[in-house]
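Scroll down for the structure; my scribbles are underneath it.
Ligands are counted one by one from 1 in listed order, and the atoms in each one are counted from 1 as well.
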Amino acid sequence: MLLDGQQTNALQDYLRRRGWLDTEEVVSSVEKPGEGNMNYTLRVTTPLRTLIIKQSRAYVEKYPTIPAPADRAVIEGRFYKKAQAVPMLANYMPQLLGTDEENNILILEDLGKSSDYTFLYQPGQLFDEEDAQTLTAYLSELHHQFTTETPEPALANHQMRALNYEHIFNYPFLAENGVDLNAVQPGLQELAIPYKSDAHLRKVVNRLGAHYLANGKTLLHGDYYPGSWLKTATGAKVIDPEFCFYGPAEFDLGVMMAHLLLAQQPSSVLALVKANYEQPDGFDETLRQQFTGVEIMRRLIGLAQLPLSLSLEQKQSLLKEAHAMLQ
Ligand SMILES: Nc1ncnc2c1ncn2[C@@H]1O[C@H](COP(=O)(O)OP(=O)(O)OP(=O)(O)O)[C@@H](O)[C@H]1O
Ligand SMILES: [Mg+2]
């Protein structure tokens, strides 16, 4: 069954049948709660409540010709189930209200009309110190609560990792990958050339990619960037763990720090995150830095572009900085 926000009656029947609405409860409106690319997400309003309903399909919602693992919402639901058993983590995520595994659907608590943190990419936007602290504390807690020698295969998320692997560690570094970077910003293609023909860089990135694909022992959010953080009336919250897996803790923190650099945050914000993050045993700062470097590069010269407002010179300087992290 494919959800359809236009078919209010069918949606109402479905939600009643599953027991997520009362038998007489009427769907009064349906809307898109915010921007998303991967999945079909709706906010459903009734006189009694509002709910978020999220369905994953066998393709990327915004680009239906691109296949994607259909059951990713089910895996996302498993993460929510685990995380919400820990009060501190539950406090910073929407509650999972239901899962329909057959149809790859999640029902989530509505955190209210709120924006994500992608506004940080706009000039002059400063990451609130309290939010930075909250989101770092969340990551520390996640990594500490769920480090194990026996990770659950149900959260290995191999297919989503394989998809992300291509976008992070492969496509950006191919000479011909079908992306016209000059259409993103004139001159960007030329900036990327040296990094696509650097054999040493390729070797380092391949090694990092292998690390990403190898099974680790820490449960990661897997997509810990401003698009997965919501600024709500009750503070910063974390959503969208569809790329979760058991892997290296350095990956989550590395990605977070990469986005603070892409968002031109002052070094004091980065220092705060670094100082507040409680490193799990064996944490490798060099590996963290390498993941930061590769994330910066792939966001600048890969397919998954961000709503950045950087000049070509700023991108060049970030690429150099990222390259230095990948030695
Ligand atoms: N529980 C929630 N409460 C309030 N708003 C939400 C909630 N879940 C999602 N949203 C809104 O819907 C948007 C899309 O949700 P989400 O990021 O989970 O979808 P997605 O398709 O996986 O996105 P992406 O393509 O960025 O991975 C969010 O940016 C947010 O604005
Ligand atoms: Mg998503």
Side-chain angles (χ1 to χ4, degrees), residues 2-3 5 15 20 29-46 49-81 83-84 89-99 104-121 131 135 138 157 159-161 163-164 166-168 220-245 252 255-256 259 262 295 298-299 302-308:
L2 288 188
L3 286 176
L15 291 169
W20 292 319
S29 66
V30 178
E31 65 188 22
K32 192 175 158 184
E35 280 315 307
N37 295 328
M38 288 290 286
N39 304 291
Y40 190 77
T41 310
L42 298 171
R43 168 179 286 119
V44 174
T45 303
T46 79
R49 66 192 110 208
T50 65
L51 296 171
I52 300 291
I53 177 163
K54 179 170 181 177
Q55 183 173 45
S56 58
R57 294 157 178 187
Y59 49 86
V60 176
E61 199 55 42
K62 198 165 167 188
Y63 309 103
T65 55
I66 304 179
D71 67 346
R72 57 193 181 277
V74 174
I75 295 167
E76 180 172 350
R78 289 181 192 145
F79 179 100
Y80 273 114
K81 257 184 222 143
Q84 71 189 17
L89 299 175
N91 206 17
Y92 295 109
M93 300 193 89
Q95 202 188 335
L96 178 68
L97 303 172
T99 307
N104 301 307
I105 288 173
L106 297 181
I107 305 290
L108 295 163
E109 173 195 355
D110 184 6
L111 295 173
K113 291 184 183 170
S114 46
S115 85
D116 63 25
Y117 280 76
T118 53
F119 66 84
L120 289 177
Y121 301 125
D131 295 347
L135 291 164
Y138 173 93
N157 216 352
Q159 285 180 297
M160 285 293 270
R161 254 196 285 172
L163 181 75
N164 226 11
E166 295 300 325
H167 284 276
I168 303 174
L220 310 185
H221 177 281
D223 199 16
Y224 209 62
Y225 87 113
S228 298
W229 308 331
L230 287 189
K231 196 167 180 65
T232 78
T234 52
K237 305 279 158 143
V238 178
I239 59 166
D240 202 13
E242 64 182 334
F243 283 99
C244 66
F245 67 105
D252 269 349
V255 168
M256 179 181 191
H259 285 267
L262 286 160
E295 177 68 11
R298 74 102 164 194
R299 292 297 192 168
L303 277 79
Q305 291 283 326
L306 298 165
L308 301 173

(message) Less than 6.0 angstrom separating the ring centers of Y117 and F119, yes or no?
(response) yes

(request) Using a strict cut-off of less than 4.0 Å between a Lys/Arg side-chain nitrogen and an Asp/Glu carboxylate oxygen, indicate whether E109 and K237 qualify as a salt bridge. (result) no

(message) Please tell me whether Y224 and H259 have a donor and an acceptor in their side chains that are separated by less than 3.5 angstrom.
(response) no

(message) With no hydrogens and no angle check, just 3.5 Å: does a side-chain donor-acceptor pair link D116 and T118?
(response) yes

(message) To check you understand the geometry: which heavy-atom pair defines the closest contact between P33 and T41, and what is its length?
(response) CD-O, 3.3 Å

(request) Go through the side-chain N and O atoms of E242 and N39 and say whether any donor and acceptor fall under 3.5 Å apart. (result) yes

(request) Return the set of residues passing salt bridge (Lys or Arg N to Asp or Glu O under 4.0 Å) with D240 (not counting sequence neighbours), or none when no residue passes. (result) K54

(message) Can you work out which protein residues put a heavy atom within less than 4.0 Å of ligand 1?
(response) P33, G34, E35, G36, N37, M38, N39, T41, R43, I52, K54, P94, E109, D110, L111, G112, L230, I239, D240, E242

(request) Could you list the residues that satisfy side chain to side chain donor-acceptor pair (under 3.5 Å) with K62, not counting sequence neighbours? (result) N37

(message) What count do you get for protein N, O or S atoms closer to the Mg ion (ligand 2) than 2.8 Å?
(response) 3

(request) Dump the intermediate steps for salt bridge (Lys or Arg N to Asp or Glu O under 4.0 Å) on R72 and E76, then the final yes or no. (result) CA-CA 6 Å; R72 57 193 181 277; E76 180 172 350; over 6 Å; no

